[in-house]
Amino acid sequence: MSYEAFHATEFVAVSQDIIWTKFLTEEFVEIIKNACTSVNSWKGNRRQPYFTQDIHFEKELPEWYDILAYKLNEDIFPKACRYWEVENITVQNIFAVRYSLDTQRELKQHHDDSFISGSIKLNDSYTGGELYFPRQKFTNKNIGTGDLLLWPGQITHIHGSTALLTGEKYSVTIWTKNEDLENHR
């Protein structure tokens, strides 16, 4: 079977310092979502103030981690660096997140431990569960599956997820690091 995994990268500013691009093709979205649901090892660390039910790609889906990290590091992040006028952004972590009515329904407002953060919807067969940015007055409600949002993760872009009302929500979260910053973990 032959298919294209990624769309061409063309960033559009959708809110204050939140950029969007089409990213994963529909076929690749399904492949990634099916890989996550097949692993089905969703875990959350309840000792953390902001935890999610997640699967970490590097440990549990290493082949998909390698494919996504390569595309992000070689194509997406160099373009994002030009947008924000920074250098040396690389993948720190890629993990899938699941919200369901019987596990985790929402996520409180927080900042990420990430220089630049990203999010990709893997499905849209749910209601509620919107990624929202109160300061920027923006949600991902109208962002398509497979599309990529990027934003500064640590200071200016507090965000959360509204309560899931129906269905199950699957998404991918991307955290980055900037090797030039000594104080970054």
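In this structure the side chain of Gln154 never reaches within 4.5 angstrom of the side chain of Asp112, judged on heavy atoms. Between His110 and His159 the shortest side-chain heavy-atom distance falls below 4.5 Å. Under the 4.5 Å side-chain criterion, counting only non-hydrogen atoms from C-beta, Tyr170 is not in contact with Val97. You'll find the side chain of His7 reaches within 4.5 Å of the side chain of Thr25, heavy atoms only. Side-chain contact between Glu4 and Phe28 is absent, with no heavy-atom pair separated by less than 4.5 Å. Side-chain contact between Val39 and Leu61 is present, with at least one heavy-atom pair separated by less than 4.5 Å. In this structure, the side chains of Ile120 and Phe23 come closer than 4.5 Å at one or more pairs of heavy atoms. Within the 4.5 Å cutoff, the side chain of Cys36 has no heavy atoms near those of the Trp64 side chain.
Electrostatic pairing of Glu106 and Lys169 does not count as a salt bridge here, judged by no charged N lying under 4.0 Å from a carboxylate O.
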Under the side-chain hydrogen bond (donor to acceptor under 3.5 Å, both in side chains) rule, what do Thr166 and Thr127 come out as? Steps first, then yes or no, please.
-> CA-CA 5 Å; Thr166 65; Thr127 57; 2.6 Å; yes
Can Trp20 and Asp147 be said to form a side-chain hydrogen bond (donor to acceptor under 3.5 Å, both in side chains), step by step?
-> CA-CA 7 Å; Trp20 163 91; Asp147 294 358; 3.0 Å; yes
For side-chain contact (heavy atoms from CB on, under 4.5 Å), just list the numbers for Val12 and Thr21, CA-CA rounded to whole Å, side-chain angles, deciding distance to a tenth of an Å, and then say yes or no.
-> CA-CA 6 Å; Val12 173; Thr21 187; over 6 Å; no
Could you go through the side-chain hydrogen bond (donor to acceptor under 3.5 Å, both in side chains) check for Asn93 and His56 one step at a time?
-> CA-CA 8 Å; Asn93 199 354; His56 289 260; 3.2 Å; yes
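Ile158 and Val14 sit in two unconnected hydrophobic clusters of ILVMFWY residues. Membership requires side-chain heavy atoms under 4.5 Å apart, directly or through other members. Residues Ile94 and Trp42 are members of one and the same hydrophobic cluster, defined by side-chain heavy-atom contacts under 4.5 angstrom among Ile, Leu, Val, Met, Phe, Trp and Tyr. Both Tyr83 and Leu150 are part of a single hydrophobic cluster, where members link through side-chain heavy atoms under 4.5 Å apart. Linking Ile, Leu, Val, Met, Phe, Trp and Tyr whenever their side-chain heavy atoms come within less than 4.5 Å leaves Leu149 and Phe6 in two separate clusters. Taking hydrophobic clusters as Ile, Leu, Val, Met, Phe, Trp and Tyr residues chained together by side-chain heavy-atom distances below 4.5 Å, Leu72 shares a cluster with Leu122.
Other residues, nucleotides and ligands contribute at most 12 non-hydrogen atoms within 6.0 Å of the OH atom of Tyr70. Residue-environment remark: CD (Glu63) exceeds the threshold of 12 foreign heavy atoms within 6.0 Å.
In this structure, CZ on Arg105 lies 12.5 Å from OG1 on Thr162, to the nearest 0.5 angstrom. Atoms NZ and CG, from Lys121 and Leu24 in turn, are 13.5 Å apart once rounded to the nearest 0.5 Å. How far CD1 of Ile174 is from CG of Leu68: 7.0 Å, rounded to the nearest 0.5 Å. For the atom pair CG (Leu164) and CZ (Arg98), the distance works out to 11.0 Å, reported to the nearest 0.5 Å. A distance of 9.5 Å separates OH of Tyr99 from OH of Tyr126, quoted to the nearest 0.5 Å. To the nearest 0.5 Å, atom CD of residue Glu58 and atom OH of residue Tyr65 are 4.0 Å apart.
Taking the six-membered ring for Trp and the full ring otherwise, Trp84 and Phe115 have centroids separated by 6.0 Å or more. Between Phe95 and Phe57, the gap from one ring centroid to the other reaches at least 6.0 Å.
Side chain of Thr139 to main chain of Lys141: a donor-acceptor pair is present (N/O by atom type, distance under 3.5 Å, no hydrogens or angles). Put simply, the side chain of Asn73 never gets that close to the backbone of Thr90: no donor and acceptor are under 3.5 Å apart.
Residues Ser100 and Thr103 come closest through the heavy atom pair OG-OG1, 2.5 Å. In this structure, Ser125 and Asn123 approach most closely via the heavy-atom pair OG-ND2, 3.3 Å.
Taking the side chain to side chain contact (heavy atoms under 4.5 Å, CB included) definition, one finds that Ser15 meets it with Ile18, Gln136, Phe138, sequence neighbours left out.
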Throw together a table of side-chain donor-acceptor distances under 3.5 angstrom for residues 75-82, partners on residues two or more places apart or in other chains.
{"unit_1": "Asp75", "atom_1": "OD1", "unit_2": "Lys79", "atom_2": "NZ", "d": "2.8"}
{"unit_1": "Asp75", "atom_1": "OD2", "unit_2": "Thr9", "atom_2": "OG1", "d": "2.6"}
{"unit_1": "Asp75", "atom_1": "OD2", "unit_2": "Lys71", "atom_2": "NZ", "d": "2.8"}

